[in-house]
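Since the structure comes first, as structure tokens, the remarks are kept for the end.
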Amino acid sequence: MTSTITPQPGIMDIALYQGGQSSLPGRDDVVKLSSNENPFGTSDKALEAYQRASRQLHRYPNTDHLSLRTAIAEVHGLDPQRIICGVGSDEIIHFLCQCYAGPGDEVLHTEHGFAMYRISALAAGATPVEARERERVTDVDALLAACTERTRLVFIANPNNPTGTMVGGNELARLADGLPGSALLVLDGAYAEFVDGYDGGAALIDGRENVFMTRTFSKLYGLGGLRIGWGYGPQPIVDMLNRIRGPFNLSQVQMDTAEAAVRDREFAARCTAENKRMRAWLAEALAEIGVPSDTSCANFILARFADTAEAQACDAWLKEAGILVRQVAGYKLPNCLRITVGDEASCRRVAHAVRNFKDNRE
Ligand SMILES: *Cc1c(COP(=O)(O)O)cnc(C)c1O
């Protein structure tokens, strides 16, 4: 009998996610600046918690994540009842699409927005819709104009990846308040910790029914390999997401490590301070050699080249020098390279290599 096994609508439209390259064959001196990882690794306290938790691998994890939610709530000044934890913020994005968008529904995101919004929307059978940005910055008017009565979710990363730009609280409020009643605004705060005094949208959520925030342990906390994220929002939304969350979605190792990480404020403060210092240094060093970038609010810089050919040639040059950065043509930025802000030695090495590349072309 011929098989008629077919996937659900939308699945075949999903292009496989391209992660940042992590090694170069035959080289052991590679600097990886392609995935916005923390150059200082993970807090020692988090690593100790990881070791401790590893002695209990035969035990099932607790299902309510209460201890981790309490720690997050204390550090960020939030209500633990309205926090949900997931396998990276990717899983929270997935839950949102599964719960609120299906065939015939639209999921809105920005022109250079994070790839997972489109993937999760398609996986749920919904239709991703893109709103243009204004010179690589989220455009609230364009988002509002793109809304229809079928819009269910509006995703914006603030600061955005891969642009590094962000919009202010007044603009976010204007967006939230201008959306149709059926749409939930999701503020992806993967890089919120890198912005002094920014709460990721928490204040905007309190007092509104249509704003939700996602956060992650993958960037500032240096736990991308362990996969832990969380969301915060109105109680009815959090309750809905919990219905489809697997009871054992997080291991005890993940929870205990994340809890120690979020409580180690000293490590976090050191990393954000160093990121800020080296980000300014790198942006200036690149600008001096004719490679401009928008002022970044995150832990990477979006370096702009004259054209696609120059960006690709520089990427190849950097690889020769043992440096991995990220091509972002898939984000409709073919003339740009996204460079993670590394430690001082890595920043000097990448600036030096780009300078050599530029000199070599003259
Ligand atoms: C890195 C990143 C995330 C984090 O994803 P995790 O699944 O938590 O590792 C989410 N959103 C954006 C925009 C990112 O760049």
Side-chain angles (χ1 to χ4, degrees), residues 17-20 22 32-39 42 46 65 68 72 83-98 107-121 123 128 130 133 136-138 153-167 172 185-195 198 200-201 212-232 241 245 249-251 254-255 257-258 261-262 271 275 296-302 325-328 330-333 336 338-341:
Y17 182 86
Q18 301 280 341
S22 60
K32 187 185 178 204
L33 303 175
S34 55
S35 296
N36 300 340
E37 294 153 347
N38 187 336
T42 311
H65 307 161
L68 174 56
I72 293 169
I83 293 173
I84 176 170
C85 301
V87 181
S89 43
D90 282 358
E91 192 181 36
I92 308 291
I93 294 168
H94 236 72
F95 291 161
L96 286 160
C97 289
Q98 288 279 306
V107 174
L108 192 55
H109 62 84
T110 60
E111 186 180 354
H112 309 300
F114 187 47
M116 286 313 298
Y117 311 147
R118 182 182 162 80
I119 291 174
S120 289
E130 183 184 298
E133 298 186 24
R136 299 170 301 282
V137 181
T138 295
L153 292 162
V154 179
F155 282 102
I156 72 168
N158 204 46
N160 187 36
N161 169 22
T163 59
T165 62
M166 71 183 294
V167 291
L172 295 178
L185 173 62
V186 182
L187 299 172
D188 180 336
Y191 303 95
E193 287 90 352
F194 294 105
V195 184
Y198 177 52
F212 191 90
M213 140 176 112
T214 63
R215 305 288 287 263
T216 185
F217 282 90
S218 299
K219 305 291 158 55
L220 173 65
Y221 293 104
L223 287 169
L226 203 57
R227 317 300 308 127
I228 314 131
W230 54 282
Y232 178 75
L241 302 185
R245 177 177 71 78
N249 65 326
L250 286 184
S251 68
Q254 285 170 300
M255 287 185 265
T257 310
V262 75
C271 294
N275 174 68
S296 171
C297 302
N299 67 342
F300 55 84
I301 279 170
L302 185 70
V325 300
R326 183 73 158 262
Q327 285 204 28
V328 283
Y331 287 92
K332 302 191 173 158
L333 294 161
C336 298
R338 193 193 68 192
I339 307 172
T340 302
V341 176

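Just so you know, these numbers use all the heavy atoms, side chains as well, and skip hydrogens, waters and symmetry mates. The structure presented is a predicted model; accordingly, all values stated were derived computationally and were not measured. Read the numbers this way: they start at 1 and go in the same order the structure lists the ligands and their atoms.
- Looking only at protein heavy atoms, the nearest one to atom 4 (C) of ligand 1 is Ser89 OG, 3.3 Å.
- Of all protein heavy atoms, the one closest to atom 11 (N) of ligand 1 is Asp188 OD2, 2.6 Å.
- Close approach of ligand 1 to Ala190 (heavy-atom distance below 4.0 Å) involves ligand atoms 2 (C), 3 (C), 10 (C), 11 (N), 12 (C), 14 (C).
- Interface of Tyr191 with ligand 1, defined as ligand atoms under 4.0 Å from a residue heavy atom, comprises 1 (C), 14 (C), 15 (O).
- Using a 4.0 Å cut-off between heavy atoms, Ser218 contacts ligand 1 through its side chain alone, with no backbone atom that close.
- Here the side chain of Thr216 pairs no donor or acceptor atom with the backbone of Ala190 at under 3.5 angstrom.
- Taking 4.0 Å as the cut-off, Phe217 does not count as a neighbour of ligand 1 on heavy-atom distance.
- In this structure a side-chain-to-backbone donor-acceptor pair under 3.5 Å is missing from Asn299 to Leu220.
- Evaluated by nearest non-hydrogen atom to atom 14 (C) of ligand 1, the leading choice among Glu37, Arg227, Lys219 is Lys219.
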message: Test side chain to side chain donor-acceptor pair (under 3.5 Å) on Arg136 and Asn160; report intermediate values, then the result.
response: CA-CA 9 Å; Arg136 299 170 301 282; Asn160 187 36; over 6 Å; no

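- Checking side-chain atoms of Gln254 against main-chain N and O of Ile228 turns up no donor-acceptor pair under 3.5 Å.
- Ring geometry for Phe217 versus Tyr221: interplanar angle of 30 to 60°, hence tilted.
- Among all non-hydrogen protein atoms, the one lying nearest atom 8 (O) of ligand 1 is Thr216 OG1, 2.5 Å.
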For residues 83-96, dump all side-chain donor-acceptor pairs below 3.5 Å to protein atoms at least two apart in sequence or in another chain.
residue, atom, partner, partner atom, Å
Glu91, OE1, Val87, N, 2.7
Glu91, OE1, Asn249, ND2, 3.0
His94, ND1, Ser120, OG, 2.9

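- When only modelled atom types and interatomic distance are considered, Asn36 and Arg326 share no side-chain donor-acceptor pair under 3.5 Å.
- Taking every non-hydrogen atom of Asn161 and a distance limit under 4.0 Å, the qualifying atoms of ligand 1 come out as 13 (C), 14 (C), 15 (O).
- With a 4.0 Å cut-off on non-hydrogen atoms, Asp90 touches ligand 1 through its backbone as well as its side chain.
- In the vicinity of Gly88, heavy-atom distances shorter than 4.0 Å reach the ligand 1 atoms 6 (P), 7 (O), 8 (O).
- For the side-chain hydrogen bond (donor to acceptor under 3.5 Å, both in side chains) with Glu130, the qualifying choice from Arg118, His112, Lys332 is Lys332, the only one to do so.
- Ligand 1 lies nowhere less than 4.0 angstrom from a heavy atom belonging to Gly229.
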